[in-house]
Asker: 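Sharing a structure here in structure tokens format.
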Amino acid sequence: MTHAVPSLTQTYAQRFAPHLAAAEGFLNQLLPSQDPKVLWDAMRHGVLSGGKRIRAVMVLETCLACGGTQQQALGAAAALELIHCYSLIHDDLPCIDNDDLRRGKPTVHKAFGEDMAVLAGDALLAMAFFVLTDHTQDVPDKTLLNVVSHLSRSASVFGLVNGQVDDIQYANHPPSEALLKQIHQGKTGALFRFATWSGATLAGQPAPVADALSQFGQLLGVAFQIVDDLLDVNAEAATLGKTPGKDATQGKMTYPAVYGIEGSQKQLQQTLESLDAILNRLPADIDRDGLRFLVQFVKEREF
Ligand code: IPE
Ligand code: IPE
Ligand code: MG
Ligand code: MG
Ligand code: MG
């Protein structure tokens, strides 16, 4: 069944309007409808169908908060969204989570077939790297090279893919707090970590500041995935834009599976407090307002 595309909450859309407009505009420009049309249209469907763009917003917001510019961060922001969207296309495949609905629309394999879904994902992953190198402005080559290396690691067996493997392997496994953390840090934390680390690094911040923001991003990713797990239990498809209840059906090791609903909310609260503590320790010249807003958004999001 197809549902209406969920709209962003007013406040998030308003607070980050310039970031959202820049990211959306740039992604549109990168993905024209051209030959081979079936592939490009599958890529467009996987990217331009109404994501929240939180990872792009994190790169842009962190870079600006650290004294950088939109030009320095937009290439990395778009590259990260391309990788995120590829990961969703593959995550939804019948051989992984087997989902029919994403962002209120049929998943890419439902609309274009499994062959094109696999290839659209491959194409988006590869594309991310030339988008990053060709569209980053006003950043020294050495810094950009470091960012490329980190993006590759974050998407790799040292990050996202490893988390996805754990997510699959530990389905129907006895509950384990340590394994749960490992899954969430990999499958969601790794890209979130790159988002804030790259924003700080592209702005020219020294390693200790980038590392603190990296820790912030990683933990925000865990919070984001705790909420995702809770929404899978509590939300309706019409609001969520995805089919709820899938995690339990597939025996996934989620926060509710390990801690229960109330326990998960407690874990979330503790994570939010740790996030606040990291922000409080940042140097005084870094503007934390937008980052605080992001924490609030992660806590309150409904899809
Ligand atoms: C979904 O990510 C996958 C998770 C890591 C939970 P998002 O909730 O950021 O997906 P979109 O891009 O906004 O649709
Ligand atoms: C997704 O986790 C993490 C990815 C790397 C794609 P989920 O499988 O929980 O994400 P949804 O619920 O399908 O969006
Ligand atoms: Mg999954
Ligand atoms: Mg999934
Ligand atoms: Mg989920």
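Side chains are part of it too, since the values below use all heavy atoms of this structure and drop only hydrogens, waters and symmetry mates. Atoms within a ligand are numbered from 1 in the order they appear, just like the ligands themselves.
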Asker: Contact between ligand 2 and Gln225 is defined here as a heavy atom of the residue under 4.0 Å from a ligand atom; is it met?
Answerer: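 Per 4.0 Å heavy-atom rule, Gln225 contacts ligand 2.
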Asker: In this structure, which one of His90, Lys246, Lys252 forms a side-chain hydrogen bond (donor to acceptor under 3.5 Å, both in side chains) with Asp97?
Answerer: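 Between Asp97 and the candidates, side-chain hydrogen bond (donor to acceptor under 3.5 Å, both in side chains) is satisfied uniquely by Lys252.
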Asker: Evaluate the side-chain proximity of Leu119 to Asp122: yes if any heavy-atom separation is below 4.5 Å, no if none is.
Answerer: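 Counting from C-beta outward, Asp122 and Leu119 do come under 4.5 Å.
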Asker: Identify the protein heavy atom lying closest to atom 6 (C) of ligand 2, giving its residue, its atom name and the separation to 0.1 Å.
Answerer: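 For atom 6 (C) of ligand 2, the nearest protein heavy atom comes out as Ser87 OG, 3.5 Å.
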Asker: Who gets closest to atom 12 (O) of ligand 2 by heavy atom: His84, Gln164, Lys242, His90?
Answerer: Lys242
Asker: When Lys242 is tested against each of Asp228, Asp92, Asp232, Asp99 for salt bridge (charged side-chain N to carboxylate O under 4.0 Å, His left out), which residue passes?
Answerer: Asp228
Asker: Indicate yes or no: does an N/O atom of Asp228 lie under 3.5 Å from an N/O atom of ligand 2?
Answerer: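 Yes; at least one N/O pair falls below 3.5 Å.
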Asker: Side chain, backbone, both or neither: which applies to Asp247 and ligand 2 if a contact is any heavy-atom pair less than 4.0 Å apart?
Answerer: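 No part of Asp247 is near ligand 2 at this cut-off.
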Asker: For atom 5 (C) of ligand 2, find the nearest protein heavy atom and state the residue, atom name and distance (0.1 Å precision).
Answerer: Leu160 CD1, 3.1 Å
Asker: Is the Lys NZ or Arg CZ of Arg55 less than 6.0 Å from the centre of Phe224's six-membered ring, within 45° of the axis?
Answerer: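 Positive - Arg55 is close enough to the ring of Phe224 and near enough to its axis.
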Asker: Check the pair Leu213, Gln205 against side-chain contact (heavy atoms from CB on, under 4.5 Å), reporting the backbone distance first and the verdict last.
Answerer: CA-CA 10 Å; Leu213 279 157; Gln205 288 289 335; 5.7 Å; no
Asker: What are the protein N, O or S atoms, given as residue plus atom name, that sit under 2.8 Å from the Mg ion (ligand 3)?
Answerer: Asp91 OD1, Asp97 OD2
Asker: How would you list, by chain and number, every residue that makes a side chain to side chain donor-acceptor pair (under 3.5 Å) with Lys181, sequence neighbours excluded?
Answerer: none
Asker: For the CG atom of Leu230 and the OG atom of Ser264, what is their distance to the nearest 0.5 Å?
Answerer: 5.0 Å
Asker: Any N or O on Asp97 sitting closer than 3.5 Å to an N or O of ligand 2?
Answerer: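 Yes, since at least one N or O of Asp97 sits under 3.5 Å from an N or O of ligand 2.
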Asker: Supply the atom-to-atom distance Asn146 CG to Ser198 OG, rounded to the nearest 0.5 angstrom.
Answerer: 10.5 Å
Asker: What is the closest protein heavy atom to atom 10 (O) of ligand 2, and at what distance does it sit?
Answerer: Asp91 OD2, 3.8 Å
Asker: Taking ring pair (Phe, Tyr, Trp, His ring centres under 6.0 Å) as the definition, give me every residue that meets it alongside His84, ordered by chain and number, with sequence neighbours left out.
Answerer: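 Here no residue qualifies.
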Asker: Measure from the Mg ion (ligand 5) to every N/O/S atom of Asp228 and report the name of the nearest one.
Answerer: OD2
Asker: First locate atom CD of Gln169, then atom CG of Asn162, and finally report the distance between them rounded to the nearest 0.5 Å.
Answerer: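 Reported value, rounded in 0.5 Å steps: 9.0 Å.
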Asker: With clusters built from Ile, Leu, Val, Met, Phe, Trp and Tyr whose side-chain heavy atoms come within less than 4.5 Å, directly or transitively, what are the remaining members of the cluster of Val157, listed by chain and number?
Answerer: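 Taking Ile, Leu, Val, Met, Phe, Trp and Tyr as members, Val157 shares its hydrophobic cluster with Phe158.
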Asker: Near Leu88, which atoms of ligand 2 are under 4.0 Å from a heavy atom of that residue?
Answerer: 6 (C)
Asker: Can you find a non-hydrogen atom of Arg102 under 4.0 Å from ligand 2?
Answerer: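 For ligand 2, residue contact (heavy atoms, under 4.0 Å) with Arg102 is present.
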Asker: Tell me which one of Gln250, Lys246, Lys187 gets a heavy atom nearest to atom 7 (P) of ligand 2.
Answerer: Lys187
Asker: Under the criterion ring pair (Phe, Tyr, Trp, His ring centres under 6.0 Å), which of Tyr170, Tyr255, Phe192 is the partner of His184?
Answerer: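 Single ring pair (Phe, Tyr, Trp, His ring centres under 6.0 Å) partner of His184 among Tyr170, Tyr255, Phe192: Tyr255.
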